[in-house]
Chemist: 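Shown below is the structure under consideration.
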Protein chains: 2
Amino acid sequence: MPLRNSKEIAAHAGVSQATVSRVINNKPNVREETRRRVLKVIDELGYVPNAEARSLVTRRTNKIGLIVSDIVNPFYPELVESVEGLARESGYVTLLCNTQRDPSKDRIYVRFLIEQRVAGVLFTSITPRSGAPEQLMQAGIPFVFVNRYLKGLNVPSVLTDNEGGAYRMTQYLLELGHSRIAFIRGLPNTTTSQDREAGYRQSLMDHGFKVENVYLERGDYIREAAYEATSRLLQLPVPPTAIFCANDCMAFGALDAAWDAGVRVPEDLSVVGFDNIPLSSLRAISLTTMEQPMAKMARRALEILLDLIEGRALPQDGMIEVYEPELIVRRTSGPAPSSASGKGVRSQ
Amino acid sequence: MPLRNSKEIAAHAGVSQATVSRVINNKPNVREETRRRVLKVIDELGYVPNAEARSLVTRRTNKIGLIVSDIVNPFYPELVESVEGLARESGYVTLLCNTQRDPSKDRIYVRFLIEQRVAGVLFTSITPRSGAPEQLMQAGIPFVFVNRYLKGLNVPSVLTDNEGGAYRMTQYLLELGHSRIAFIRGLPNTTTSQDREAGYRQSLMDHGFKVENVYLERGDYIREAAYEATSRLLQLPVPPTAIFCANDCMAFGALDAAWDAGVRVPEDLSVVGFDNIPLSSLRAISLTTMEQPMAKMARRALEILLDLIEGRALPQDGMIEVYEPELIVRRTSGPAPSSASGKGVRSQ
DNA sequence: TTGAAAGCGCTAACAA
DNA sequence: TTGTTAGCGCTTTCAA
């Protein structure tokens, strides 16, 4: 038995379809007794209004698109939970789009979302030249960036001060006496990785150190790649005494690589990350990292999106909100090894 | 500038709306030249068909609902990725519903999904008496259970042999010489927790041991609760020598508690989990656990759902597929301490 | 091969 | 307070 429609409800209740519409939308000007009668029929027949038909005539939907690059990266679930939770509270349903770290999927997903006539889109993992923002602009659908953003585009964005955070993290390591600090990059095309690298570079330079290319590795924000990168770093003639990973996931990979190489952390090698994902606080990991207030940022980004959708705000130039990350010192970082002059840092 | 509609395309191309419809749906019986002309106009005007209007007339949508209880639990993202990925490949968009471990939200979400007229729903975290299955049945919307299921209801389900897995895990610990094995339950209303507990009990009994109530604790599938539970267990006059947690997340909490209590793992205490989430393989954790092939199970569950949706199958009695979990022995489990006769197991 | 017309389920003017 | 009517954007007969 398929679903009922409002015409059937109207017939059963002996009223017009318009009155049924007024009742289900809590509109005024319905006699109390009529309302009760209609509600009774709705309940008895198990009627559920059709949101698609409603959207067609009201020209508004209660769907929002959420695009993430890698739901399996423990960084994203908190963000997703936050967005989806607030969306539901606000009457919106979330269409999840997981691009599996493939920027070319952005276009495909955005096309999907436009077909669905979503009210707005939240990008957590935007990359340049995807064409996705242009598609949405042409369709007149508002969107907001969170986490990553695009430089030079006036899109409302909620960000962490990645450069400042990385600067401070690097400074923290320098103050511990480390002079050979490696950096493992995230995905090349992302502002998060670029800005963190910039902070790392600036901090080194400001403190009188040179950026050594051998200490720059690529990790693509994934654990396995960071494992490989760390293995390479540890085999250098003069290995680093500290490794700064552009996110926590990669730091986990780095810790594994150090473990397998017999390098003690933090005695021989300091490893630090960025994000402070929930697992980083496990006693057995206890990763030093920069905490991003992702839940808060995600909520704020959705708030802005809802303001845009519901006409409470217009996208203005430079609507960018920046949150400061916080240094969380745990047990994977420590003073540079005293014998830190050459191969001495390696215990194997 | 809002989006175009097919009428505008028709006008610009000098054809009827019906022809535009034929073109965008790749229907036959359109002259090649006409097709090209229409496609050109579509491209120029940036036309994107409206899925909602289409659904209204075809009476089918390409939306599926995915209900998870706790996206932040690292167990779920893999499942979500798998479902969402296959859904997109099959032309469906996924509406994500995260109940935040609150079964009463099931009803609210299902109502949402019915309003959206989703083509089908995948439950990963069903609990009894939510009313959600009944809602969907009345609406004539097919659904499938994966991970958790409901006994006595003939709903297609894709499951792990939780009881068998827990039985084998308990046996493994018994064979290591443990006689005081504690069990930390998951959420009470879930078949996963109940079945794992049943396997634990059966295994103890089959090997001539009694189930001691003091060794049964509640952990609700979350790390923090398992931390507390473990702390209590370790303070018992005769503490357990092994703790079997109903999922990996809780095992992480147990490891933290042991750490804080100065109890060595696995020398003084073995800790094992269930799931084999990606982080369990970290060297610093190295958790012994039962692996569930979640990605595979999720894909299979969605396949079944799509078969149901697209009429390739009917929900038959007992459409239940069971996968065997696999014991992964790592470093959190070891022989029972030889001094395992009283307080000796505690090092602090 | 193409077009005209009807209608999916709903809301919103307007009229009563 | 309630009903009538038109129409949102699309597909689908049926006829040409």
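From a predicted model like this one, the values you see are computed outputs, not experimental measurements. All chains are named by letter (A, B, ...) in the order of the sequence lines, taking the proteins before the strands, and each is independently numbered beginning at 1.
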Chemist: Can you list every salt bridge (charged side-chain N to carboxylate O under 4.0 Å, His left out) pair that touches residues 52-63 of chain B, not counting sequence neighbours?
Modeler: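 Found A:Glu52-B:Lys63, A:Lys63-B:Glu52.
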
Chemist: Determine which pairs satisfy side-chain hydrogen bond (donor to acceptor under 3.5 Å, both in side chains) with at least one residue from residues 121-132 of chain A, sequence neighbours left out, and list them in order.
Modeler: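 Pairs touching residues 121-132 of chain A that pass the test: A:Tyr76-A:Ser125.
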
Chemist: B:Glu44: what forms a side chain to side chain contact (heavy atoms under 4.5 Å, CB included) with it, not counting sequence neighbours?
Modeler: B:Lys40

Chemist: For residues 90-97 of chain B, which side-chain N or O atoms pair as donor and acceptor with protein atoms under 3.5 Å away, sequence neighbours left out?
Modeler:
{"residue": "B:Ser90", "atom": "OG", "partner": "B:Leu86", "partner atom": "O", "Å": "2.8"}
{"residue": "B:Tyr92", "atom": "OH", "partner": "B:Glu310", "partner atom": "OE2", "Å": "2.7"}

Chemist: Pairs under 3.5 angstrom, nitrogen or oxygen only, protein versus nucleotides 11-14 of chain C, please.
Modeler:
{"residue": "C:dT11", "atom": "OP1", "partner": "A:Asn25", "partner atom": "ND2", "Å": "2.9"}
{"residue": "C:dT11", "atom": "OP1", "partner": "A:Arg54", "partner atom": "NE", "Å": "2.8"}
{"residue": "C:dT11", "atom": "OP1", "partner": "A:Arg54", "partner atom": "NH2", "Å": "3.3"}
{"residue": "C:dT11", "atom": "OP2", "partner": "A:Ser21", "partner atom": "OG", "Å": "2.8"}
{"residue": "C:dA12", "atom": "OP2", "partner": "A:Lys27", "partner atom": "NZ", "Å": "2.9"}

Chemist: Can you sort out the partners of A:Arg36 under salt bridge (charged side-chain N to carboxylate O under 4.0 Å, His left out), two or more places apart, ordered by chain and number?
Modeler: A:Glu32

Chemist: Restricting to pairs with a member in residues 67-92 of chain B, which pass salt bridge (charged side-chain N to carboxylate O under 4.0 Å, His left out), not counting sequence neighbours?
Modeler: B:Glu89-B:Arg299

Chemist: Please list, in 5' to 3' order, the outermost nucleotides of DNA chain D lying under 4.0 Å from any heavy atom of chain B.
Modeler: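 It runs D:dG9 to D:dT12.
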
Chemist: A:Ala11: which residues meet the side chain to side chain contact (heavy atoms under 4.5 Å, CB included) condition with it, sequence neighbours left out?
Modeler: none

Chemist: Can you tell me how far C1' of C:dG9 sits from CZ of B:Arg59, to the nearest Å?
Modeler: 9 Å

Chemist: So which pairs with a foot in residues 97-113 of chain B pass salt bridge (charged side-chain N to carboxylate O under 4.0 Å, His left out), sequence neighbours left out?
Modeler: B:Arg111-B:Glu115

Chemist: For DNA chain C, which residues of residues 30-40 of chain B approach it to below 4.0 angstrom with any heavy atom?
Modeler: B:Val30, B:Arg31, B:Thr34

Chemist: Which residue pairs pass the salt bridge (charged side-chain N to carboxylate O under 4.0 Å, His left out) test with at least one member in residues 14-25 of chain A, sequence neighbours excluded?
Modeler: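 For residues 14-25 of chain A: none.
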
Chemist: Does the side chain of B:Asn50 pick up a donor-acceptor pair with the side chain of A:Gln116 at under 3.5 Å?
Modeler: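 Result is no, nothing qualifies.
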
Chemist: Give the rounded distance in Å between these two atoms: CG of A:Asn50 and P of C:dC10.
Modeler: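 The answer, rounded to whole Å, is 6 Å.
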
